[in-house]
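Please find one structure pasted underneath; my questions will follow.
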Amino acid sequence: RGRGRAGGCGLVTPLRADAQRNLDRLVDAACECFAEGGVGVSVDEIARRAGVGHGTVFRRFPTKDALLEAVLSQELDRLLVLAQGALGEADAGAAFEGFFRAAAATYGRNRALLEGIEHCRELPQAVPLQQASDELVRRAQKAGALRRDLTPDEVFELVPVASRFPQVVLDGLRPPR
């Protein structure tokens with residue numbers, strides 16, 4: 001991390017070492033709290049878990065939504081890296097399945113992704129993640145590893161269900177024999 005980010009606004013300023021540690025603890029605690037408790041978790045709970053004061057949270061993130069967006073942004077960054085990596089794999093079916101499983105596992109462990117889906121759509125990573133995901137679906141369909149009667153959007157609507165039953169969903173996504 002090494003540099004501070006002011007609540008997703010794109011402003012990057014160097015922080016003192018102690019301030020950076022507080023910011024890192026705050027974001028890590030927010031990730032944990034939002035993942036476990038969803039978007040309704042209180043800022044006080046996040047501050048308590050991070051070991052910082054309530055004011056520290058709002059100095060770095062002017063609103064709870066700004067903190068949530070920072071956390072969701074990290075998750076989307078991670079998914080985007082996975083999707084782009086999968087696009088580099090030669091086996092289109094295996095690439096799709098690997099990414100789909102990773103996305104399902106991410107959604108399964110992070111309630112905030114489901115509850116904060118509207119925030120996700122507004123983040124800068126949303127469009128490139130959607131494009132990479134769509135391409136993974138199209139490649140798998142072209143390779144005969146994925147049903148052709150579903151759109152990429154329909155396929156990825158199944159991710160939350162797949163967080164609980166990945167193999168069942170993947171079996172249903174395979175083309176009929």
Side-chain angles (χ1 to χ4, degrees), residues 1-89 95-136 156-157 159-164 166:
R1 292 181 192 169
R3 303 193 99 192
R5 252 177 67 105
C9 68
L11 176 66
V12 177
T13 56
L15 295 175
R16 295 183 332 261
D18 63 327
Q20 184 63 51
R21 279 191 303 275
N22 283 346
L23 178 60
D24 291 345
R25 281 198 331 258
L26 173 60
V27 172
D28 290 345
C31 286
E32 292 170 10
C33 288
F34 284 132
E36 294 166 9
V39 298
V41 73
S42 73
V43 172
D44 288 335
E45 171 60 21
I46 294 168
R48 184 195 63 70
R49 192 175 295 191
V52 299
H54 189 86
T56 299
V57 176
F58 288 110
R59 271 194 298 281
R60 292 288 165 217
F61 301 95
T63 65
K64 181 179 169 183
D65 279 350
L67 179 56
L68 176 62
E69 287 175 9
V71 167
L72 294 174
S73 186
Q74 283 187 349
E75 287 288 3
L76 292 189
D77 282 341
R78 195 177 77 71
L79 286 170
L80 180 56
V81 166
L82 291 172
Q84 290 171 335
L87 285 171
E89 293 181 29
F96 166 78
E97 184 172 333
F99 176 70
F100 190 84
R101 283 183 183 277
T106 299
Y107 273 79
R109 72 171 166 63
N110 192 336
R111 284 182 53 188
L113 280 170
L114 287 173
E115 295 173 9
I117 194 72
E118 293 307 316
H119 288 285
C120 291
R121 290 184 180 124
E122 297 172 8
L123 294 172
Q125 303 91 328
V127 170
L129 179 57
Q130 178 80 44
Q131 290 169 338
S133 300
D134 290 356
E135 183 62 21
L136 285 168
F156 284 102
E157 284 176 16
V159 166
V161 175
S163 70
R164 293 188 54 217

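Position 1 is the first residue of the sequence; numbering continues from there. Since we're looking at a predicted model, the values are computed, not measured.
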- prompt: Do Phe34 and Leu67 come close enough that some side-chain heavy atom pair is under 4.5 Å?
  reply: yes
query: Quick one: salt bridge (Lys or Arg N to Asp or Glu O under 4.0 Å) partners of Arg78, sequence neighbours excluded?
result: Glu75
field: Smallest separation among heavy atoms of Ala95 and Ala86, with atom names
entry: CB-O, 3.2 Å
message: Ignoring hydrogens, what is the shortest heavy-atom contact between Leu76 and Leu129? Give both atom names and the distance.
response: CD2-CD2, 3.8 Å
Option from Leu23, Thr56, Val71, Ile46 for which side chain to side chain contact (heavy atoms under 4.5 Å, CB included) with Phe61 holds: Leu23
By salt bridge (Lys or Arg N to Asp or Glu O under 4.0 Å) - contacts of Arg101 (at least two apart): Glu97
message: Once side-chain contact (heavy atoms from CB on, under 4.5 Å) is applied, do any residues pair with Val39, and if so which ones, sequence neighbours excluded?
response: Leu68, Ala112, Glu115
field: Residues forming a side chain to side chain donor-acceptor pair (under 3.5 Å) with Glu135, sequence neighbours excluded
entry: none
- prompt: Atom CZ of Arg49 and atom CD of Glu36: how far apart are they, to the nearest 0.5 Å?
  reply: 4.0 Å
field: Working for side-chain contact (heavy atoms from CB on, under 4.5 Å), residues Asp44 and Arg48
entry: CA-CA 6 Å; Asp44 288 335; Arg48 184 195 63 70; over 6 Å; no
Separation of Ser163 OG from Asn110 CG (nearest 0.5 Å): 11.0 Å
field: Within 6.0 Å of CZ in Arg109, more than 12 heavy atoms from elsewhere
entry: yes
Beyond-backbone contact of His119 with Leu123, side-chain heavy atoms, under 4.5 angstrom: no
Partner set under side-chain contact (heavy atoms from CB on, under 4.5 Å) for Val43, not counting sequence neighbours: His54, Val57, Phe58, Lys64
- request: Work out which heavy atom in Leu82 is nearest to a heavy atom in Ala102; give both atom names and the distance.
  value: CD1-CB, 3.8 Å
field: Donor-acceptor under 3.5 Å (Gln125 side chain, Ser73 main chain)
entry: yes
query: Which atoms form the tightest heavy-atom contact between Val159 and Tyr107, and what is the distance?
result: CG1-CD1, 3.7 Å
task: Using the side-chain contact (heavy atoms from CB on, under 4.5 Å) rule, take Gln130 and Asp134 through it: C-alpha gap first, then chi angles, then the decisive distance, then the call.
output: CA-CA 6 Å; Gln130 178 80 44; Asp134 290 356; 2.9 Å; yes
- line: Residues Ala66 and Pro62: closest non-hydrogen pair is CB-CD, 4.1 Å
- request: Evaluate the ring planes of Phe156 and Phe100, with Trp represented by its six-membered ring, and classify them as parallel (under 30°), tilted (30 to 60°) or perpendicular (over 60°).
  value: tilted
Nearest heavy atoms of Leu136 and Ala83, plus distance in Å: CD1-O, 4.0 Å
task: With rounding to the nearest 0.5 Å, note down the distance linking CG in Leu72 to CD in Glu118.
output: 11.5 Å
query: Excluding sequence neighbours, so at least two apart, what forms salt bridge (Lys or Arg N to Asp or Glu O under 4.0 Å) with Glu157?
result: none
query: Quick one: CG on Asn22 to CZ on Arg16, what's the gap to the nearest 0.5 Å?
result: 8.5 Å
